[in-house]
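Naming: A, B, ... by sequence-line order, numbering from 1 per chain.
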Protein chains: 2
Amino acid sequence: MRPTVHDIAAAAGVSLATVDRVLNQRAGVRKVTRDRVEQAIERIGYVRDVAAANLAKSRKYPFVFILPSGDNSFMRGLEAEVHAAMARGPLERMVISIVKVPAFDAEALVAALDEVRATAPAGVAVVAVESPEVIAAVNRLRADRIPVVTLVSDLAGSARDHFAGVDNVAAGRTAASLLGRFLGGRPGPIAVLAGSMLVRDHRERLDGFRAVMDEDFPGHTLLPVIEGQDDPVLTEKLVGEALAASPGTVGIYSLGAGNRGLIAALKQRKDAPPVCVIAHELTRHTRAALNEGLIDAVLNQDAGHEVRSAVRVLKAKADGAAVIGAQERIYIDIFLKDNLPFDEG
Amino acid sequence: MRPTVHDIAAAAGVSLATVDRVLNQRAGVRKVTRDRVEQAIERIGYVRDVAAANLAKSRKYPFVFILPSGDNSFMRGLEAEVHAAMARGPLERMVISIVKVPAFDAEALVAALDEVRATAPAGVAVVAVESPEVIAAVNRLRADRIPVVTLVSDLAGSARDHFAGVDNVAAGRTAASLLGRFLGGRPGPIAVLAGSMLVRDHRERLDGFRAVMDEDFPGHTLLPVIEGQDDPVLTEKLVGEALAASPGTVGIYSLGAGNRGLIAALKQRKDAPPVCVIAHELTRHTRAALNEGLIDAVLNQDAGHEVRSAVRVLKAKADGAAVIGAQERIYIDIFLKDNLPFDEG
DNA sequence: GAAAATTTGAGGTACGTAAATCAGAAAATT
DNA sequence: AATTTTCTGATTTACGTACCTCAAATTTTC
């Protein structure tokens with residue numbers, strides 16, 4: 001049997017009330033008595049039964065997820081995952097709510113963070129936008145002892161508790177490594193398609209990609225980065241133009257979310273020499289393109305994993321419990337047409 | 001506020017005792033009354049507070065993990081992960097124990113399963129060995145309504161609740177796809193190194209590998225499978241001989257656990273033309289070999305994920321709760337030297 | 001050494017559920 | 001209609017912890 005508060009009382013030779021005062025750091029206990037109780041706790045290996053404690057406290061865990069609005073399909077998928085977590089929440093006394101903020105708007109994000117802070121939630125998960133003001137706002141939350149997890153996009157220099165997302169530099173490096181090897185020495189320039197270079201994730205991916213290309217595959221030149229703003233129509237046009245301008249192009253790295261346009265552009269040049277394509281994010285479209293051989297590999301971050309990990313970490317932090325590091329590391333999934341998971345997109 | 005049993009009683013116009021009888025399927029309730037209560041439950045959206053129920057019942061979850069003994073390093077890593085889960089167990093009222101059984105010994109496994117069954121655990125995870133007797137033994141557990149999860153190695157045709165492991169056919173296909181593309185048309189035979197063809201995982205990987213090689217890269221012949229019995233010394237010898245016999249070999253797929261021997265053999269032929277190598281399981285040795293460029297890619301199944309997933313599923317099944325499919329799917333991790341995780345190994 | 005302040009003890013109620021007892025009501029059987 | 005059987009209600013205790021009150025014991029202060 002696990003020891004209980006009663007066992008502590010007996011072991012320390014004090015009353016239950018005193019044990020309670022020590023355990024819940026209430027005032028009115030002499031230092032010597034406190035020490036005696038703490039030693040007893042240590043000695044008999046008491047661990048608080050969190051479930052029973054929560055029951056007694058009628059404790060709730062109000063968590064807030066701050067997500068960018070807009071029609072970025074990855075973000076909408078992320079939101080769907082948060083909704084799924086929301087539905088499962090009550091089973092574990094969690095009440096999850098979502099606050100939406102215009103994408104890439106640091107000012108709005110700061111306002112949202114401060115508003116959320118006023119509601120004193122048990123934890124906050126936020127898709128960060130990089131700016132000193134945002135860092136300060138996150139630090140204000142932490143100063144209030146509210147756990148903060150950054151989601152998908154980290155906030156370097158802040159006091160956030162945890163980052164639930166992938167290592168984007170490693171993702172870029174991996175993309176370069178795959179692309180370089182898949183090309184197997186076939187010479188020619190390589191095109192890079194991004195959404196916008198203003199986003200940290202995209203910059204990091206590009207940095208990683210560049211580093212490995214320069215180091216391991218110096219034979220290939222990188223064409224100027226195409227910024228398609230994650231817009232299908234614009235992307236299709238720009239990619240088409242770029243391929244026309246550099247007909248010898250042998251590879252494309254699509255590090256953003258503009259895959260629909262890319263795929264459309266690829267379909268238009270069926271007869272042209274093959275181009276090796278590495279893209280990000282497994283969606284209905286990239287999955288189909290993988291199967292058709294239009295795309296050679298897809299690097300994916302699993303939004304469901306990220307959300308569930310964020311929730312677990314927030315809960316653990318709220319309880320003052322330990323986080324299982326290995327469990328919360330989000331790996332980049334690499335999908336070829338040969339290891340596609342069955343359902344969903 | 002979430003509705004409680006009292007709310008059910010009020011809504012159905014019955015007493016608490018009757019609600020309890022219905023909720024815990026005790027006898028002595030007329031069909032009509034039972035229906036009325038169940039409708040009330042439905043109507044007010046009652047969900048049992050599992051934490052409170054477990055507290056009242058002083059419920060424990062005794063789970064048993066049945067693992068193969070022997071010095072297979074993957075299995076020992078798996079055991080370490082089970083020990084880690086064991087240590088975290090008490091926080092969630094789980095008591096995990098380990099039963100070890102000689103590897104690949106169906107008879108011993110059956111005996112262990114029946115012995116475990118007699119202790120009426122709340123769930124069993126087992127690294128399965130394929131045999132009709134084992135299937136029958138697993139089905140006996142299921143007949144006793146004991147949840148069963150197969151771990152790492154599945155048991156087709158059995159009534160197990162869940163399989164916590166990777167799709168090994170897809171792993172083999174992925175290996176072939178990577179190897180074929182990395183070779184980029186460079187002709188030459190390919191060697192396959194396995195532990196033993198008696199293990200289902202290995203057979204499945206080989207099947208997947210063969211299928212894609214035949215289909216997509218028919219230019220390469222596959223040399224006869226080398227069975228190194230996962231023994232470093234034997235493996236080094238056999239690989240050395242095979243490479244000497246077929247000096248034109250361009251690729252190696254190591255689908256078992258004999259990587260130390262393989263790496264030793266590779267180091268002996270530094271001056272020889274490069275061979276593209278795909279191996280399984282990220283260990284200290286394969287990680288080092290990746291970094292040195294001796295191995296080009298490592299496919300990995302994360303034992304920690306598998307164990308944690310098995311535990312979660314067993315708990316959910318024991319509670320009669322739903323399993324989050326996407327969360328419990330174990331992906332094959334693909335590691336290049338560019339996306340190696342930092343610690344452990 | 002008395003008064004004041006602080007510390008400690010004893011006991012209760014609550015959280016939501018499980019499980020039990022026992023009395024009384026309703027139904028089924030004679 | 002009387003009896004047996006089956007169903008239902010009312011009530012209690014318990015799980016492990018939190019939180020509250022009030023009294024008693026101890027220490028500190030003057």
Anything under 3.5 Å between a protein N or O and an N or O of nucleotides 28-30 of chain D, put it in a table, one pair a line.
none

Nucleotides 11-20 of chain C: which of its N/O atoms have a protein N/O under 3.5 Å away?
| from | atom 1 | to | atom 2 | distance (Å) |
| --- | --- | --- | --- | --- |
| C:dC15 | O2 | A:Leu55 | O | 3.4 |
| C:dC15 | O2 | A:Ala56 | N | 3.0 |
| C:dG16 | N2 | B:Ala52 | O | 3.2 |
| C:dT17 | OP1 | B:Tyr46 | OH | 2.7 |
| C:dT17 | OP1 | B:Asp49 | N | 3.3 |
| C:dT17 | OP2 | B:Val5 | N | 2.9 |
| C:dA18 | OP1 | B:Asn24 | OD1 | 3.4 |
| C:dA18 | OP1 | B:Arg48 | NE | 2.6 |
| C:dA18 | OP1 | B:Arg48 | NH2 | 3.0 |
| C:dA18 | OP2 | B:Asn24 | ND2 | 3.3 |
| C:dA19 | OP2 | B:Arg26 | NH1 | 3.2 |

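Scored by the side-chain hydrogen bond (donor to acceptor under 3.5 Å, both in side chains) test, B:Glu38 finds no partners at all (sequence neighbours excluded). With sequence neighbours excluded, no residue forms a side-chain hydrogen bond (donor to acceptor under 3.5 Å, both in side chains) with B:Glu306. Residues meeting the side-chain hydrogen bond (donor to acceptor under 3.5 Å, both in side chains) test with B:Gln39, sequence neighbours left out: none. B:Asp333 pairs by the side-chain hydrogen bond (donor to acceptor under 3.5 Å, both in side chains) definition with nothing, not counting sequence neighbours. B:Arg142 is linked by a salt bridge (charged side-chain N to carboxylate O under 4.0 Å, His left out) to B:Asp161, counting only residues two or more places apart in sequence or in another chain. Under the salt bridge (charged side-chain N to carboxylate O under 4.0 Å, His left out) criterion, B:Arg26 pairs with B:Asp20, sequence neighbours left out.
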Please report, to 0.1 Å, the donor-acceptor pairs under 3.5 Å made by any side chain of residues 11-19 of chain B, with sequence neighbours excluded.
| from | atom 1 | to | atom 2 | distance (Å) |
| --- | --- | --- | --- | --- |
| B:Ser15 | OG | B:Ala17 | N | 3.4 |
| B:Ser15 | OG | B:Thr18 | N | 3.4 |
| B:Ser15 | OG | B:Thr18 | OG1 | 3.4 |

Anything under 3.5 Å between a donor and an acceptor, one on a side chain of residues 77-92 of chain B, the other on a protein residue two or more places apart or in another chain? List them.
| from | atom 1 | to | atom 2 | distance (Å) |
| --- | --- | --- | --- | --- |
| B:Glu79 | OE1 | B:Arg76 | NE | 2.9 |
| B:Glu79 | OE1 | B:Arg76 | NH2 | 2.8 |
| B:Glu79 | OE1 | B:Lys100 | NZ | 3.2 |
| B:Glu79 | OE2 | B:Lys100 | NZ | 3.3 |
| B:His83 | ND1 | B:Glu79 | O | 3.2 |

Per-pair distances, 0.1 Å, donor-acceptor, side chain in residues 111-122 of chain B, under 3.5 Å, sequence neighbours excluded:
| from | atom 1 | to | atom 2 | distance (Å) |
| --- | --- | --- | --- | --- |
| B:Asp114 | OD1 | B:Arg140 | NE | 3.0 |
| B:Asp114 | OD1 | B:Arg140 | NH2 | 3.3 |
| B:Asp114 | OD2 | B:Arg140 | NH2 | 2.9 |
| B:Arg117 | NH1 | B:Asp144 | OD2 | 3.2 |
| B:Thr119 | OG1 | B:Val116 | O | 2.6 |

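In this structure, B:Ile8 atom CD1 and D:dG9 atom C1' are separated by 16 Å, rounded to whole Å.
Classification of A:Arg329 and A:Asp167 as a salt-bridged pair fails, no side-chain N sitting under 4.0 Å from a carboxylate O.
Residue A:Ser15 has no polar side-chain atom (N or O) positioned under 4.0 Å from OP1 or OP2 of C:dT8.
The terminal axes of the helix from C:dG1-D:dC30 to C:dA23-D:dT8, fitted over 5 pairs per end, subtend an angle of 40° to the nearest 10°.
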